[in-house]
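Here's the structure, in structure tokens; my notes come after.
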Amino acid sequence: MSLYPMKLVTIVCEAILEERVVELLRQAGAHGHTAFSVRGSGNQGERHADISETGNVQVEIIAKPAVAEALLKRLHSELFSSYAMVAYESDVRVMRPDKF
Amino acid sequence: MSLYPMKLVTIVCEAILEERVVELLRQAGAHGHTAFSVRGSGNQGERHADISETGNVQVEIIAKPAVAEALLKRLHSELFSSYAMVAYESDVRVMRPDKF
Amino acid sequence: MSLYPMKLVTIVCEAILEERVVELLRQAGAHGHTAFSVRGSGNQGERHADISETGNVQVEIIAKPAVAEALLKRLHSELFSSYAMVAYESDVRVMRPDKF
Amino acid sequence: MDFFSAIQSNLLSPAVLFFVLGIFAAVTKSDLKFPESLYSTLTIYLLIAIGFKGGVAINEAGIGVVWLPAAAAMTLGGLIPLWTYPVLRHFGKFSIADAGAIAAHYGSVSAVTFIAATNFLKSINQPYETYASAFLAVMESPAIIVGVMLGKGALGGKFSLSDQGVRHALRDSVLGKGVLLLIGSMIIGALSGKGGMASVEGFFVMPFQGVLALFLLEMGMVAGRRLGDLKKVGFFLLLFGISAPILHGSAGVLLGHLVGLSTGGATLMGVLSASASYIAAPAAVRLSLPEANPTFSLTAALAITFPFNITFGIPLFHELAKHLHV
Amino acid sequence: MDFFSAIQSNLLSPAVLFFVLGIFAAVTKSDLKFPESLYSTLTIYLLIAIGFKGGVAINEAGIGVVWLPAAAAMTLGGLIPLWTYPVLRHFGKFSIADAGAIAAHYGSVSAVTFIAATNFLKSINQPYETYASAFLAVMESPAIIVGVMLGKGALGGKFSLSDQGVRHALRDSVLGKGVLLLIGSMIIGALSGKGGMASVEGFFVMPFQGVLALFLLEMGMVAGRRLGDLKKVGFFLLLFGISAPILHGSAGVLLGHLVGLSTGGATLMGVLSASASYIAAPAAVRLSLPEANPTFSLTAALAITFPFNITFGIPLFHELAKHLHV
Amino acid sequence: MDFFSAIQSNLLSPAVLFFVLGIFAAVTKSDLKFPESLYSTLTIYLLIAIGFKGGVAINEAGIGVVWLPAAAAMTLGGLIPLWTYPVLRHFGKFSIADAGAIAAHYGSVSAVTFIAATNFLKSINQPYETYASAFLAVMESPAIIVGVMLGKGALGGKFSLSDQGVRHALRDSVLGKGVLLLIGSMIIGALSGKGGMASVEGFFVMPFQGVLALFLLEMGMVAGRRLGDLKKVGFFLLLFGISAPILHGSAGVLLGHLVGLSTGGATLMGVLSASASYIAAPAAVRLSLPEANPTFSLTAALAITFPFNITFGIPLFHELAKHLHV
Ligand SMILES: Nc1ncnc2c1ncn2[C@@H]1O[C@H](COP(=O)(O)O)[C@@H](O)[C@H]1O
Ligand SMILES: Nc1ncnc2c1ncn2[C@@H]1O[C@H](COP(=O)(O)O)[C@@H](O)[C@H]1O
Ligand SMILES: Nc1ncnc2c1ncn2[C@@H]1O[C@H](COP(=O)(O)O)[C@@H](O)[C@H]1O
Ligand code: NA
Ligand code: NA
Ligand code: NA
């Protein structure tokens, strides 16, 4: 069984941004995403999930390196300065590289 | 403090498959798993989580490299072609290697 | 765009411990965290999430290597022996290193 | 009330209107979203409420009265896939798996359609056998089992019980939450009787209609998201989604009449036969017939047959039942 | 009932007391937490219930009676940001974005404040136009649109519809869940009328007051967590959070009186004008004016104006309405 | 109604039957699952409802009547661990931590057992002091504090307040959601009185019994999953799980009688003493006594004592109370 390297981009941001982030990742060339509601804390203080208005969402995207880079760049230039969020990249291996 | 390398296998699939995936990972030799409900999009279109019938589940398994490989192989041969799902592997480090 | 290496520490533990884990990671020097409710299985048997008393929580922390190490050490000495939990570390890359 | 004013009053019931609102919300991509656990909470509530009420009714009517129409209903459910499958295979050109999957959905039943029918009967003051939810309970599984066997190639001798997916699916269709809650609550209702009913009425009876309206709002959103798939399913399935309920519904009304049900009861048996499952069947079929494309069965059941039944089907089967009883 | 005993009975209503309990729970950092989906479930329930009741009332009163006060309410909502914005800019020294954001919140409305006001009127047996929830529905969006335009620099000619955040926000403020549920349920109520009401009353009317109490417990917790931010918002906003509702509320009562509403109806229009949105506006504003600091608008709306209105504001506007009608 | 028909009618109540259905669902590994937030929603609802009703009752009876039996109940709760602990240590051979943990569970109380008892009394038309939920509220914490101190080795002088887990646990057992909701709602009920009750009755009283049935379905599933652990806990704990409630319940009935409660009220004090906590105590004990094996305390409290109490215990303590009052 061969495994192929791919990037995993993880974004944690205000729940309200989910739709915009999904739009943005499509535009950056990603073919899919996974999302779920989370709570947390950071520079902008505590974010409670009992109210979706104050909760966060975690979005995970498997993508080719170039797409991951494009996505991170756009997040940086368009959303980072205005919203509570973090984003990070890591290395993963998949079995069906053409899926991503 | 020493850390020991281990594999993290992440599976995102139709929520309906959770029980089968857990059975399968036990058979592949894993000693535990963590699961939670997610939503997402991919080749098979959008999957909404408001109805568990259309939602996804994310299953994460820490395991020895051999177990991880066995698990991925079985996922590939038994479930990949029939269901909406992705699976990927990555490297992690743990403190109690005999636990996995 | 430059990316900077950082550690991701992931903790899965009894939901009841969330507050203590958050206190502990602050003390270890982390500046933020993300948490969400999960279910799972391991050495201590199955943990169902329909009742928060028997459910688990997954806590993810991006931190500098030294902080990650301190955190793992304290988890090991203070909580590992008494509670159902796992913790692991992995490598990620971020854009704003001073945030963590 | 004549046929057309019955249809009109049915169309203007809060339940149907909330379903329409849900479709509107989905189509306009509104940010309205039901939280993840609300839908399953409502499902649990509706199944318990309906089972419990049926059980209290059985307690009153006596099991001796219930068994014959229940057995008839169960048989009809198990038979429906037997003629549905060949039609889908030969006229619809569906694959073996797809034909079996769709047949399983149409032989099984929809609890919400049943509830909408009882509401309709109540609103026009048509009495019915209140133990009819027993029919609902026994009609859920048989068609799923038959449909899955057909879809697995039983006609070609390829069906085998050792398939893991099949075992999971059969277990779920017999011990699954739908059957468990319905039959369980029915037994509880039968055991605790009128006294038990008096104590839980404020929860399981009084708010029931409103909860149904809320549930249909969510169902509308789910159906609305499937509207786009209507193009994909093709003209044959569209036609099938309307003509199958008319055919099955008429058969159900007739059978109900033959086993001695009243106009109301025969209407309900017709509605049950006409209805297609979109909760129990999809899950069981997905697990055991993964080669079947769920878009076909779910879109037909949820976006065509369900709306047809709750708007026109119910008054239609009632009309039919009335004519048989003259 | 005189003014002070009205205030006292209002303060001792379960709804207000549960709000206080929620603040207490937040301040003492109790481990009480509402599960993630309960809050949105309660929101959906309250919006549907209130919209539906309003629709049934419109069905009875006739749209001919409703349109004039509704149009007046809508206009007032759209105008409020026009004087609020400059005050915040020049006296409060807020940035363009912050001033627009706060103005949007105060022009828009709070459904829960409205409900608390109808409860108050019921408890003192003061009749009111039951179709008043129509005002609530139409007052939500206009101020958000105006406020966002101001906050985007419309006065400096910098506002543009091509901004993605602005488009999302405007769509949400018109098609958002709040407006969709309110207007949708209102139409359903108007179509299904008294007959529809009879069927869903056991869910949407009878448990309503208790559900509100539960909701306010959660609101109290959310407000309680913001109490710490009171220091950050500064004295000007504290003052603004009390004086704006008094001013807007009085304007609303007066306008209600002028368009022919009864004492109860004028009170409600006053309460709506006085209330500040903490659901629809924050989301829309956050998306379209990210430069605005949500701590300012949310703390003011939720931790100052909301508690003021549900404790003192409501009896005050009622008192005013009574005086105008003498 | 004589003793055996009382037991029989209790066994056939919807609440008990739904508990049995839940056990069945767990044991057969049905796919029935309650969504994550339903359980905590039901908990919040039940605690508020019960606290509020108790508060209204206190408002009516006057605090002068309530304080003595409440103080007695509280004292009894705090004393129970003092004799339970040595028994568990010396006859059960449990470790210090385990004995302390189990003692904490059995001194504390179960709200659902209490509710089931009030239902039982209502169903047999036995009047009782409606302010008895005040006893429930004050009995929750003391035993947890005493049990944790014992489990930490207080008898050996090893207990220290600086332990972080202990501090969290003690705070939770005093400010925890259970006590906060019960006492908070009780104060609200006492402040808003009959008028407040009239407004929220449709939510907190009328659907109450049905909500309890739904809750017990879930409790049954949780207990059912623990059935497998019965083998692990050993014969001694099985015996303890039945004899401790009989002993504590009898003591409670007697004490209730001595402080002047009616037959119904003495029954309730007995039931409270007999009940073992499976919500508040487990959480607090887990945090402060991590060395204790939760399988022991939880299995005993949930899978042995709870079922015993809601089936046989309640009628038994009532019988006892009746005899004392002759
Ligand atoms: N160091 C961190 N590790 C994990 N998650 C974080 C971290 N910092 C922030 N977050 C998440 O990102 C959200 C926004 O962060 P911030 O913009 O720093 O307030 C927080 O609410 C957390 O959910
Ligand atoms: N590129 C991706 N990144 C992250 N998650 C994905 C991706 N593609 C698919 N998924 C997840 O896997 C599920 C099934 O994918 P698919 O089989 O492609 O429809 C989706 O609903 C997503 O939750
Ligand atoms: N091998 C594993 N892979 C992923 N998650 C695990 C694994 N083992 C344990 N867990 C998670 O950690 C929790 C506690 O584990 P344990 O202490 O082994 O019972 C489990 O309930 C799972 O959620
Ligand atoms: Na059918
Ligand atoms: Na306003
Ligand atoms: Na006790």
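Below, chains carry the letters A, B, ... as their sequence lines are ordered, and counting in each starts from 1.
Neither the backbone nor the side chain of E46(A) has a heavy atom closer than 4.5 Å to any heavy atom of chain E.
Contacts with chain A were tallied for E218(E), M221(E), E291(E), K33(E); E218(E) has the most, counting heavy-atom pairs under 4.5 Å. The residue among H48(A), R39(A), E19(A), E53(A) with the most heavy atom pairs within less than 4.5 Å of chain E is H48(A).
Heavy-atom contacts from other residues, nucleotides or ligands closer than 6.0 Å to CZ of F80(A) number more than 12. K29(E) NZ: 12 or fewer foreign heavy atoms inside a 6.0 Å radius.
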Note to self: The test is side chain to side chain contact (heavy atoms under 4.5 Å, CB included); show your working for L38(E) and D50(A) and say whether it passes.
What the structure shows: CA-CA 8 Å; L38(E) 181 49; D50(A) 54 354; over 6 Å; no
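The backbone N or O of A49(A) lies less than 3.5 Å from no partner atom in the side chain of Y39(E), so there is not a single donor-acceptor pair.
T43(E) contributes atom OG1, which lies 7.5 Å from atom CD1 of I51(A) (distance to the nearest 0.5 angstrom). Annotation: the span from L287(E) atom CG to S82(A) atom OG amounts to 11.0 Å, rounded to 0.5 Å.
Residues A84(A) and R286(E) come closest through the heavy atom pair N-NH2, 4.2 Å.
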